Structure formats: C-alpha cells, structure tokens
Protein chains: 2
Amino acid sequence: MTELSLNMDEYLPLRDVVFHTLRRAILTGQLKPGERLMEIHLAQKLGVSRTPVREAIHKLELEGLVTMMPRRGAQVAQISEKGLKDVLEVRRALDAFCAELACERITPKEEEELKKACREFEEAVKIGDPTLIATKDVAFHDIIINSTGNERLISTINNLAEQIYRYRFEYIKDASQRPRLMEEHRTLLDAILNKDSARAGKAARIHIDNQEISILSQIYPEG
Amino acid sequence: MTELSLNMDEYLPLRDVVFHTLRRAILTGQLKPGERLMEIHLAQKLGVSRTPVREAIHKLELEGLVTMMPRRGAQVAQISEKGLKDVLEVRRALDAFCAELACERITPKEEEELKKACREFEEAVKIGDPTLIATKDVAFHDIIINSTGNERLISTINNLAEQIYRYRFEYIKDASQRPRLMEEHRTLLDAILNKDSARAGKAARIHIDNQEISILSQIYPEG
DNA sequence: ATTCTGTATGTTGTATACAATATTCTTTAA
DNA sequence: TTAAAGAATATTGTATACAACATACAGAAT
C-alpha cells in the first residue's frame with residue numbers, strides 16, 4: 001500500500017514561498033535595511049499577485065524583519081544600537097539557560113553529535129571559508145539548544161538569532177576572532193560533557209559578550 | 001498652533017480591529033481551544049469581508065493563539081501539558097532575569113509605583129474579585145518587566161504570558177492560593193527595593209513554580 | 001523665494017470573483 | 001449492513017477590482 005508513497009505533504013502555499021524568498025533576501029543582505037517593500041513591484045518580480053506578497057510581508061513584520069506603517073507600506077527593519085543590545089541581552093540569558101539545561105538533559109547520542117560539531121567547526125576555521133564557519137557554528141549551537149527538548153525555548157532563541165543574523169555574519173568574517181571562538185566552543189563542550197552547568201552557563205554568556213562587543217564595534221565604530 | 005490638536009493617528013486598519021476582537025475572544029474563552037475559525041462566518045458576523053479576517057487569523061497564528069493547516073483552515077490553539085510546561089520553563093528563566101535586571105535598573109519613580117501596585121494587589125485580594133486580582137497582578141509584574149528597559153525582553157515575556165493567560169486566570173480564581181501570592185509579591189518587592197538580585201531572581205522563580213504546580217494540577221488532575 | 005493649494009499619480013486597504021482542494025452526503029455494490 | 005465511489009457542498013488560496021489615502025509635483029498667491 002505504501003510502496004510508492006510519494007509525499008503528498010509537499011504543498012506550500014504561495015505566501016510561504018514568497019515569505020521564504022523575501023526572508024532569505026533580507027538575511028543575506030540583498031534587501032537592505034530601510035529599503036521599501038512595495039507589493040505590486042514584488043508581485044510582478046515574483047510572478048504572483050499582490051495577495052500572497054501582502055501575506056508574506058505581514059509574516060515578516062511579525063517576525064521582526066520588516067516594519068510597517070499603516071497605509072505607508074513596509075520596509076526592511078533597521079536595527080538600532082539599542083535594539084541590537086536588547087536582542088543580545090535576551091539571547092545571553094536564554095543561551096546560558098540552554099547551556100545549563102543541556103547539562104541535565106543532553107543524551108549520549110547528542111553528546112557525540114556535539115563533539116563532532118565542535119571538530120567540524122574547527123576544521124571549518126582551518127579552511128577559512130566564512131560561510132562554512134557560520135554554518136558549522138550554527139550547527140554546534142543548534143545541538144545544544146535542541147538538546148533542551150523545549151520547543152518554545154528553541155523557537156524563541158531562533159527568532160532572536162534571526163534578528164541579528166545579518167550582523168553576526170560580519171563578525172564571523174573577522175578572522176582575528178576565530179581562535180577565541182574555537183576556544184569558547186571547546187570550553188562550552190567540555191562543561192556540558194562534564195555536566196558542569198555553572199561553567200556551561202558562564203561560557204555561554206561570555207560567548208555572547210564577545211559577539212556583542214565585536215558586532216557593536218563593527219557597526220557603530222564610535223559608540 | 002497646537003491648541004486644537006485632534007489626533008490624526010487614530011486610524012486602525014480593519015485587520016487590526018478584527019485581530020483584537022478575535023484575540024480577546026480567545027483569551028477570555030469565548031472561542032474555545034479546538035474551535036474552528038472559518039473566514040466567511042467570521043466575516044459575516046463582524047460585518048467585513050474575508051480579507052481582513054484572513055489577515056487577522058494569520059497574525060493570531062504567528063502569535064501562537066491559532067494553529068493552521070494549509071487548505072484546512074485555522075482553529076484555536078490547543079495547549080498540551082508539554083507545551084504549557086515549555087512556556088512556563090522559559091518564563092521562569094526570563095522572569096528571574098527581569099527581576100535581577102530590575103534590581104540594577106529600577107528608577108525611584110518605578111519603585112514607588114511598584115510599592116503602590118503591591119498594596120493595590122493586596123487590597124484586591126481582600127475584596128476578592130478575581131478579575132481585579134488578575135489585573136493588579138499583571139500591573140505589578142508589568143512594572144518589574146518594564147523597568148528593565150529592554151523592549152525585546154518585554155515583548156518576549158508578554159508573548160509567553162499570552163500563551164497561558166487562559167489557564168492562569170483559573171489559577172487566580174483559586175482563593176486558597178492568594179495568601180501565598182501576596183507573600184511572594186512582598187518578597188519580590190522587598191528584594192528589588194534592597195537591590196538583592198539573587199533573592200529577587202529566586203523569588204521570581206518560586207513564583208512561577210507555584211503557578212506551574214497549581215495550573216497543571218487544575219488542567220491535568222491525574223498528570 | 002517661499003509657502004500654500006490643487007491635481008495627478010502611486011500605494012495600500014478592502015471587497016469580491018474565481019480556482020483548487022477538502023469535506024460531506026448520497027448512492028451503489030459487495 | 002458496511003465500504004467504496006462519486007457528486008454536491010463548503011472552504012481555502014489566489015487574483016483582480018475598486019476605494020481611500022499618501023505622495024510628489026506644478027502652479028498660484030504672498
């Protein structure tokens with residue numbers, strides 16, 4: 001009966017296709033902060049009607065990637081220095097919390113995955129490709145976050161991460177930061193493997209602290 | 001020139017009117033978990049077209065109050081025991097964080113407001129009206145949360161609070177819990193006024209712990 | 001030159017129409 | 001009686017039309 005079970009769940013509403021397209025464009029910087037998003041133009045460009053474009057833009061607004069003024073349309077969200085600090089402050093608290101929970105809840109299988117992810121991150125650093133480094137960095141942290149088993153926590157952190165993705169990538173491109181990044185990952189890995197939640201939490205906090213300093217100094221050199 | 005400055009910013013898109021209407025209906029239990037939300041019916045009931053109803057439903061989905069299946073419509077979100085625990089786990093961490101931050105950042109003016117809110121909560125308990133108690137309870141916590149000055153933190157916590165609003169109200173109606181609630185508020189107030197962040201954080205955590213125990217035992221009496 | 005006003009244009013907000021898919025009910029066959 | 005199939009209905013997804021408002025620009029009055 002299920003020999004040829006081609007997946008019938010592959011349907012994606014157009015609004016979601018548009019949403020993912022625009023989201024990627026924003027996160028990769030193709031659409032720059034402050035740029036206006038006009039429904040008709042985007043609809044024509046993407047070959048759909050205004051309706052799915054509207055719905056996608058609204059979704060992006062609720063995710064915080066787009067800001068809207070009633071009757072004046074939408075634009076790619078600008079993040080202020082204060083906004084960035086606010087996001088990072090919440091992330092620091094939640095990342096530390098994740099690290100502490102991970103000490104209690106991580107499974108042996110996930111421990112192996114985490115070790116592997118740590119190794120692969122270091123290899124990526126050796127290779128030196130920023131995109132690869134960013135990918136492996138995300139993978140490492142995702143294992144920790146997912147090991148908490150708390151879906152609400154996971155989605156909350158992912159939303160925060162999305163807010164600063166654009167700026168974080170600049171941070172990763174700065175090669176001088178990478179040895180420190182590696183060191184911090186190792187400390188965090190070691191603390192989690194030893195179920196030392198105090199040290200794990202502290203390591204996670206320091207990790208974000210350094211990110212914050214670096215990102216802020218790049219975006220707001222005077223501040 | 002500004003003698004007669006009638007407010008021109010009063011315009012609210014219909015989608016937001018519908019959104020607030022539906023949101024309130026869900027939070028107050030008029031629309032019950034699992035109930036289907038059908039665009040045409042709601043549109044007719046509210047005297048608008050499908051478009052603003054659709055947009056309002058999508059907004060509710062992103063806020064987590066509604067779940068959608070593509071091409072099958074939306075229904076009021078059901079929260080599972082796991083989902084409730086997950087929300088409360090994140091809230092506990094963030095509420096504790098807020099309490100700690102409040103110790104550092106609360107202004108003298110906010111301190112007075114907090115004292116007043118604490119008193120008013122106790123008066124509400126004496127009067128015994130659940131709705132009033134709930135309102136004063138929210139007001140007390142809002143002062144603490146707002147005193148952090150971190151907008152992202154504020155909106156994140158408010159979203160979490162919204163998820164459990166329906167169940168929390170049942171908790172407040174349980175009169176046997178109220179003396180404990182008052183005691184916990186006093187402890188939290190005292191810790192913040194004395195800038196004792198460790199104690200404030202601990203008090204916030206205990207506060208949520210008790211909520212969790214009480215809410216869970218009411219919704220899932222066997223669990 | 002500057003400010004105000006009116007008009008033309010562009011954009012969003014809402015309503016509606018049509019298409020595609022889900023659901024329900026009836027009918028038919030075993 | 002039950003199960004399956006098919007038609008009828010309901011509902012969502014998308015496109016388009018129209019109205020309301022915002023913006024930009026040109027011209028007139030000061």
Side-chain angles (χ1 to χ4, degrees), chain A residues 1-2 5-23 25-26 31-32 34-63 65-78, chain B residues 1-23 25-26 31-32 34-63 65-78:
Chain A
M1 207 53 172
T2 50
S5 78
L6 68 159
N7 205 350
M8 291 305 287
D9 304 339
E10 280 172 13
Y11 169 79
L12 253 194
L14 265 187
R15 60 166 178 270
D16 289 332
V17 176
V18 175
F19 169 75
H20 288 299
T21 305
L22 294 180
R23 183 170 174 275
I26 292 173
L31 288 169
K32 298 195 189 344
E35 194 162 332
R36 283 189 69 183
L37 298 174
M38 279 173 304
E39 297 170 3
I40 301 174
H41 296 163
L42 291 172
Q44 286 171 348
K45 202 160 189 168
L46 300 171
V48 299
S49 80
R50 276 178 62 208
T51 307
V53 174
R54 268 181 82 76
E55 296 183 342
I57 290 176
H58 286 140
K59 215 166 162 179
L60 288 166
E61 190 209 3
L62 291 215
E63 288 224 1
L65 293 178
V66 153
T67 55
M68 294 191 67
M69 299 271 288
R71 281 173 174 156
R72 286 185 205 180
Q75 56 182 63
V76 179
Q78 307 249 30
Chain B
M1 208 52 175
T2 48
E3 274 194 288
L4 188 75
S5 77
L6 68 159
N7 203 350
M8 292 304 289
D9 303 340
E10 280 172 13
Y11 169 78
L12 251 195
L14 265 187
R15 60 165 178 271
D16 288 333
V17 176
V18 175
F19 170 74
H20 288 299
T21 304
L22 294 180
R23 182 170 174 275
I26 292 173
L31 288 170
K32 299 197 189 343
E35 195 163 330
R36 281 188 72 182
L37 298 175
M38 278 175 303
E39 296 169 5
I40 301 174
H41 296 164
L42 292 172
Q44 285 171 349
K45 202 160 190 169
L46 300 171
V48 298
S49 80
R50 279 179 59 208
T51 307
V53 174
R54 270 181 80 77
E55 296 183 342
I57 290 176
H58 287 141
K59 214 166 162 180
L60 287 166
E61 191 210 1
L62 293 215
E63 288 224 2
L65 293 178
V66 152
T67 54
M68 293 191 66
M69 299 272 289
R71 280 173 175 156
R72 285 187 204 179
Q75 57 182 62
V76 179
Q78 307 250 29

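Here is the naming used below: chain letters follow the sequence lines, and residue numbers restart at 1 for every chain. Hydrogens, waters and symmetry mates play no part in the numbers below; they use all other heavy atoms, side chains included. Note that the structure is predicted; figures quoted are calculated from it, not measured.
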Gap between atom CG of B/Leu46 and atom CG of B/Leu14 - 0.5 Å precision: 9.5 Å
Check every atom of C/dC18, D/dT11, D/dA15 against the side chain of B/His41 and return the nucleotide holding the closest atom. D/dT11
Once you round it to whole Å, what is the distance between P of D/dA19 and CZ of A/Arg71? 15 Å
OP1 or OP2 of D/dG13 sitting under 4.0 Å from any side-chain N/O of B/Arg54? yes
What is the separation between atom OH on A/Tyr11 and atom C1' on D/dT11, rounded to the nearest whole Å? 12 Å
Would you kindly give the CG-to-P distance between A/Leu12 and D/dT12, to the nearest whole Å? 19 Å
B/Leu14 CG - D/dC21 P separation (whole Å): 12 Å
Calculate the interatomic distance between A/Arg36 atom CZ and C/dG10 atom P; express it in whole Å. 13 Å
Between C/dA15, C/dG13, D/dG13, spot the one nearest the side chain of B/Glu39, thanks. D/dG13
Can you list the steps and then say if B/Val48 with B/Val17 is a side-chain contact (heavy atoms from CB on, under 4.5 Å)? CA-CA 11 Å; B/Val48 298; B/Val17 176; over 6 Å; no
When you get a sec, tell me which of C/dA17, C/dT14, D/dA15 is the closest nucleotide to the side chain of B/Arg50? C/dA17
Proximity to the side chain of B/Thr51 - top-ranked nucleotide from C/dC18, C/dA15, D/dA15: C/dA15
Rounded to whole Å, how long is the line connecting atom CG of B/Leu37 with atom P of D/dA10? 19 Å
Is B/Arg72 near enough to C/dT23 that one of its side-chain N or O atoms lies under 4.0 angstrom from OP1 or OP2? yes
What distance do A/His20 atom NE2 and A/Leu60 atom CG have between them, rounded to the nearest 0.5 Å? 10.0 Å
Where the side chain of A/Ile40 is concerned, which of C/dT12, C/dA20, C/dA15 is the nearest nucleotide? C/dT12
Please report the distance, rounded to the nearest Å, between CG in B/Asp16 and P in C/dT12. 16 Å
If I take atom CZ from residue A/Arg15 and atom NE2 from residue B/His58, how far apart are they, to the nearest 0.5 angstrom? 3.5 Å
Indicate whether OP1 or OP2 belonging to C/dT14 is found under 4.0 Å from a side-chain N or O atom of B/Ser49. no
How is B/Ile57 classified with respect to the nucleic acid when contacts are heavy atoms under 4.0 Å: base, sugar-phosphate, or nothing? nothing
Give one of base, sugar-phosphate or nothing for A/Arg15, where a contact means two heavy atoms less than 4.0 Å apart. sugar-phosphate
Just how far, in rounded Å, is P of D/dG13 from CD of A/Glu55? 8 Å
Would you give the length of the straight line joining atom NZ of A/Lys59 to atom CD of A/Glu55, rounded to the nearest 0.5 angstrom? 9.5 Å
